[in-house]
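So the structure is just underneath, and the comments pick up after that.
Order of the sequence lines fixes the chain letters, A, B, ..., with proteins taken first and strands second; residue numbering starts at 1 for each chain. As the structure is a prediction and not an experimental result, all values here were calculated from the model.
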Amino acid sequence: MKTDFIPLDYDYFDFRGKNYARIIGRNSKNQKICLIDSCPIYLWAILKENIAERKIQRIVEKIQKIQIPLKNRITRVEKIEIHEKSFLGKKVTALKIFATNYKDLHDIASQLKIPEIEKRRGYDLGFVTHYIIEKKLTPLNWYEIEGEVLSNSLEFGGIDSALNTDLTIFVKNISNTPDKKFTPCVLAYDLETDEIKIGEGEILMFSLVSNNGIKKVFTWKKSPGKKIQNVEYVKDEAELIETFVSQIKKINPDFLVGYFSDGFDLPYLKARAEKHKIKLDIGIEGSEPRFHRSGLGGITGKISGITHIDLLKFIRTAYSQYMQSETLSLNEVAKEFLQDEKKKFQIQHSTTLKKEDWKNYYEYNLHDSVLTLGLFEKMWPDLVGFSKVMQEPIFEISRNGMSKNVESYLIHNLERFNEIPEKRPTHNEIADRRQREKYEGAFVFEPTPGLYNKIGMFDFTSYWPSIIVSFNLSKSTLLEKEEKESTKVKLKNKEVIFSKKPGFFPQMLKEIIEKRKLFKKELKEKPDVMKKSRSNAYKLLANASYGYMGFFGARYYCPEASAAATSISRDFIKKTISEIDKEGYKTIYSDTDSIAFSMNNKSEKQTLEFLKKINSKLPGIMELELEDFYSRGLWVTTRAGKIGAKKKYALIDKKNKLKIRGFETVRRDWCRLARDVQNKVLKEILENGNEKKSLEYLKEIVKKLKSRQISREELIIKTQLKKSLSEYKSISPHVVAAQKMKEQEIPISEGNLVEYYIAEIPPGTKSKLVREKVKLPNEPGKYNIEYYLERQILPAVENIFQVFNINTSEIIKGKRQMTLGEF
DNA sequence: GGTGCATCCTTACC
DNA sequence: ACAGGTAAGGATGCACC
């Protein structure tokens with residue numbers, strides 16, 4: 001039979017010693033389909049140079065005989081082909097050695113220790129990646145599938161009758177078809193429990209919200225009174241878990257989506273199901289979720305046939321750097337992307353809940369799933385986009401970090417360059433790489449503090465990638481010695497040389513840049529938060545390719561290329577700065593790829609002409625563009641003294657929109673009051689061009705603070721606990737706060753934000769340390785006026801007023817009457 | 001017991 | 001361990017007087 005098909009999720013199984021791919025997807029009639037397919041399994045043995053043909057034949061014969069006895073079968077080499085390939089840009093002769101089972105490739109590779117074999121490659125990609133490369137059945141694209149429908153067939157051990165699908169097809173042929181619209185069936189879920197530690201407490205309720213009309217809470221905790229809409233009751237926790245299983249089976253979604261569900265919801269469900277001896281058999285063939293460790297102490301939960309997505313992970317890698325939110329809590333993220341928030345409800349242990357609270361609890365639970373679904377729908381275009389670009393299933397790309405994504409992109413595009421894939425570094429190699437000395441990074445210009453009028457700002461588009469592409473920097477283009485037209489780059493204590501002949505890495509990077517350009521254009525035409533994030537996600541991917549080469553875990557690790565890129569970046573930015581100054585502008589500041597300069601009475605038109613002139617001289621795809629024109633900008637000194645602070649400035653554009661970088665205002669570890677005061681001061685100064693109004697405002701705030709009119713909420717300091725308490729060498733205030741939380745049995749762990757305030761201590765107590773004055777928000781106490789004046793407000797505004805030669809310290813500390821009269 | 005520099009630590013910028 | 005380096009700045013740690 002024939003059907004169209006869009007692949008969503010990939011897995012594989014063994015049958016009689018052979019591997020089969022199992023691909024779950026849909027057709028345009030919205031049937032859920034499982035494909036069963038096989039593909040050639042092989043690895044590469046790269047031969048040393050200049051080996052005689054007869055010798056090669058003898059090697060082939062020798063390898064052909066390899067047999068390895070395994071537990072219940074014997075694996076052997078099926079056939080061998082000789083190919084002319086490319087490895088790291090060099091022409092090589094390589095043996096393509098075919099085997100029965102992907103898992104055997106490692107064993108076969110270890111049997112290939114023959115002197116004529118230089119390298120063994122291509123056995124560490126993972127079956128799914130290998131399959132996608134071989135069969136070119138890439139995720140989220142449409143295909144025409146021809147094959148045999150398995151219907152109560154005995155093939156593959158009767159697999160089809162066990163599968164919860166509409167069709168199971170044994171593939172005969174795959175062909176491409178044009179793209180069609182596709183809307184997956186998406187189900188968001190959320191659990192409410194009495195404990196947050198997995199295995200402790202009980203599941204009180206769960207909510208399910210789908211994109212096809214399901215919107216329900218299931219609970220065994222009855223609230224007395226009349227029936228509540230959307231809420232269904234069951235007998236007890238066991239029946240609740242059974243209901244979860246039956247609902248998932250019935251709805252049979254393509255995507256089951258949670259928020260932090262890898263770390264909480266799914267493992268919690270599993271633990272409670274085990275407790276009740278209930279099978280959590282929601283997988284397509286009746287399997288239970290499988291959990292894998294995924295570095296950073298993280299866990300991933302995989303459900304076969306249903307793509308389980310933990311949105312938090314995708315947000316972290318794809319958007320977080322760009323977002324305004326200071327934490328990635330569902331509440332803040334929903335506010336930013338959906339302009340919606342969690343329902344207000346104070347979570348407490350179910351035994352202390354009052355009758356009337358339950359209704360709110362249900363609504364709270366339901367709304368979490370509503371938000372999760374909403375976020376998924378917003379992110380869907382990017383999940384698809386990433387999946388198509390990286391050619392890996394959504395399950396992986398939603399969890400992988402940027403380096404893995406860069407690598408996936410490379411691996412899946414090697415064939416176009418006839419390249420054999422490089423292997424992953426070994427543990428020893430990783431250890432060595434981590435020992436490496438840091439290479440010198442980008443250039444940062446030391447600004448002269450002051451308030452400037454009329455500012456222009458240029459920046460290089462995709463600076464790192466454009467350098468890598470334009471100068472052809474990569475592992476495969478790194479040369480031992482000079483050749484015709486090669487590029488020589490001077491580093492600190494050595495010289496590195498790169499070939500002129502385009503390498504596969506720079507060429508692929510060029511394609512990402514083009515994609516990003518397109519998104520940026522769309523964003524400019526009609527801006528919204530999501531488009532902004534999308535454009536940024538591709539920028540991150542492009543930028544990560546630079547970081548990727550310097551990353552110790554990379555297959556195509558090449559610190560020489562990274563170091564060359566930064567060296568070239570420093571040359572170009574410095575050269576551009578001097579050209580800008582020579583033209584009659586005055587550079588105020590520059591960081592890595594951007595330059596802010598005083599317009600010095602030149603017009604915007606003139607400036608754009610000048611920009612064109614610079615661009616005409618830039619090599620390759622390098623490009624300088626106008627970031628914006630600003631009406632005013634402020635740079636301050638460092639806290640310590642006279643020099644201008646880097647990475648700290650505030651700009652205002654012609655529409656009075658602020659752009660603040662580095663100041664305490666944008667740092668989440670400063671109290672709200674200090675941040676707001678600084679923000680207001682900056683705003684007034686940039687809007688008015690002088691400090692008069694903001695000085696009055698400051699005095700008012702100081703007065704309020706001194707007379708204890710400031711609410712505690714505004715004085716809370718939030719700091720992230722980055723490691724476990726015992727690992728801290730230095731006991732800082734936030735560590736003390738975390739210790740207090742432990743004592744009070746408030747849950748706190750690595751990664752959480754710790755909140756505290758600085759309180760007065762009993763008079764007479766001698767103490768210089770801030771940590772001795774730490775109190776948790778729930779602890780009664782008076783805020784420490786001196787601390788907040790001298791260590792929060794003063795440092796936040798001192799350098800700003802310094803620009804106008806005003807000594808804020810005097811105003812704040814009380815010598816003020818002598819200088820300013822009133823107050 | 002105070003001073004001042006080194007170190008730890010978090011967060012930001014690009 | 002899960003992209004890189006550069007930088008500010010608070011608080012503690014500790015040698016030293």
Side-chain angles (χ1 to χ4, degrees), chain A residues 293-298 313 316-317 321-322 326 399-407 424-425 427 430-431 433-434 436-446 459-460 462-464 536 539-554 556-557 559 561-563 565-567 569-570 573 589-594 627 636-640 643-649 659-670 674 717-723 727-736 753-754 758 766 768-774 787 790-792 795-796 799:
Chain A
R293 259 177 228 299
S294 64
L296 273 167
K313 290 196 173 163
R316 191 177 286 145
T317 51
Q321 284 193 22
Y322 185 77
E326 278 164 19
R399 288 171 173 80
N400 288 342
M402 276 298 174
S403 80
K404 195 76 210 296
N405 283 337
V406 170
E407 195 156 279
R424 273 200 300 262
H427 272 294
I430 289 178
R433 291 174 179 189
R434 296 188 69 193
R436 166 182 70 80
E437 233 185 292
K438 272 196 191 179
Y439 54 82
E440 197 183 338
F443 170 71
V444 189
F445 186 96
E446 188 194 302
D459 64 8
F460 282 98
S462 307
Y463 201 34
W464 300 120
N536 194 65
K539 181 185 176 165
L540 278 172
L541 186 64
N543 281 345
S545 59
Y546 148 73
Y548 171 82
M549 291 199 295
F551 167 52
F552 52 78
Y556 294 100
Y557 176 70
S562 299
T566 55
S567 169
S569 84
R570 292 190 299 271
I573 200 85
Y589 181 62
S590 165
D591 186 348
T592 311
D593 61 352
S594 68
E627 204 269 341
V636 299
T637 62
T638 60
R639 188 81 75 236
I643 64 162
K646 298 170 174 181
K647 299 189 185 287
K648 218 173 165 183
Y649 58 88
K659 177 174 176 167
I660 299 177
R661 292 289 120 99
F663 273 107
E664 285 72 11
T665 295
V666 300
R667 293 184 60 99
R668 71 169 179 198
D669 56 350
W670 282 71
I717 296 164
K718 301 176 188 176
T719 312
Q720 194 186 17
L721 197 67
K722 301 274 256 193
K723 45 193 172 189
E727 284 176 85
Y728 281 94
K729 286 183 191 158
S730 170
I731 308 304
S732 42
H734 82 291
V735 176
V736 171
L753 273 190
V754 179
I758 302 304
K766 272 195 183 148
K768 292 217 85 171
L769 297 179
V770 177
R771 67 170 174 225
E772 282 155 5
K773 300 167 201 162
V774 165
Y787 172 84
E790 290 180 22
R791 313 245 195 141
Q792 292 277 330
N799 318 20

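- Among residues two or more places apart in sequence or in another chain, the salt bridge (Lys or Arg N to Asp or Glu O under 4.0 Å) test is passed with A:Lys659 by A:Glu627.
- A:Tyr439 meets the ring-ring contact (aromatic ring centres under 6.0 Å, His included) test with no other residue; sequence neighbours excluded.
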**Fill in**
A correct 5'-to-3' footprint of nucleotides 4-14 of chain B, with B, S and - meaning base, sugar-phosphate only and no protein heavy atom under 4.0 Å, is ----SSBBSBS
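- If you measure from atom CD of A:Glu664 to atom P of C:dA8, you get 12 Å, rounded to the nearest angstrom.
- Straight-line distance from the CZ atom of A:Arg316 to the C1' atom of C:dA3: 16 Å, rounded to whole Å.
- Atom CZ in A:Arg570 sits roughly 13 Å away from atom C1' in C:dG4 (whole-Å rounding).
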Could you run down the sub-3.5 Å N/O contacts of the protein with nucleotides 14-17 of chain C?
none

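- Residue contacts for A:Gly550: at a heavy-atom cut-off of 4.0 Å it reaches the sugar-phosphate backbone alone, with no base atom in range.
- When the C1' atom of C:dG10 is taken as reference, atom CD1 of A:Ile717 falls 10 Å away, rounded to whole Å.
- Taking 4.0 angstrom as the limit, A:Arg639 places a side-chain polar atom (N or O) nearer than this to OP1 or OP2 of C:dG10.
- For the pair A:Phe443 CZ and C:dA7 C1', the computed distance is 14 Å after rounding to whole Å.
- Between A:Tyr463 and C:dG5 there is no side-chain N or O to OP1 or OP2 distance below 4.0 Å.
- Looking at residues two or more places apart in sequence or on another chain, you find a side-chain hydrogen bond (donor to acceptor under 3.5 Å, both in side chains) between A:Glu326 and A:Arg675.
- Residues satisfying the ring-ring contact (aromatic ring centres under 6.0 Å, His included) test with A:Tyr649, not counting sequence neighbours, are A:Tyr589, A:Trp635.
- Here the CZ-CD distance, from A:Arg424 to A:Glu407, works out to 8.5 Å after rounding to the nearest 0.5 Å.
- One atom, CZ of A:Arg293, and another, P of C:dA1, lie 14 Å apart when rounded to the nearest Å.
- A:Gly441 comes within 4.0 angstrom of sugar-phosphate atoms only, judged by non-hydrogen atoms across all strands, and of no base.
- Residue contacts for A:Ser562: at a heavy-atom cut-off of 4.0 Å it reaches no nucleic acid atom on any strand shown.
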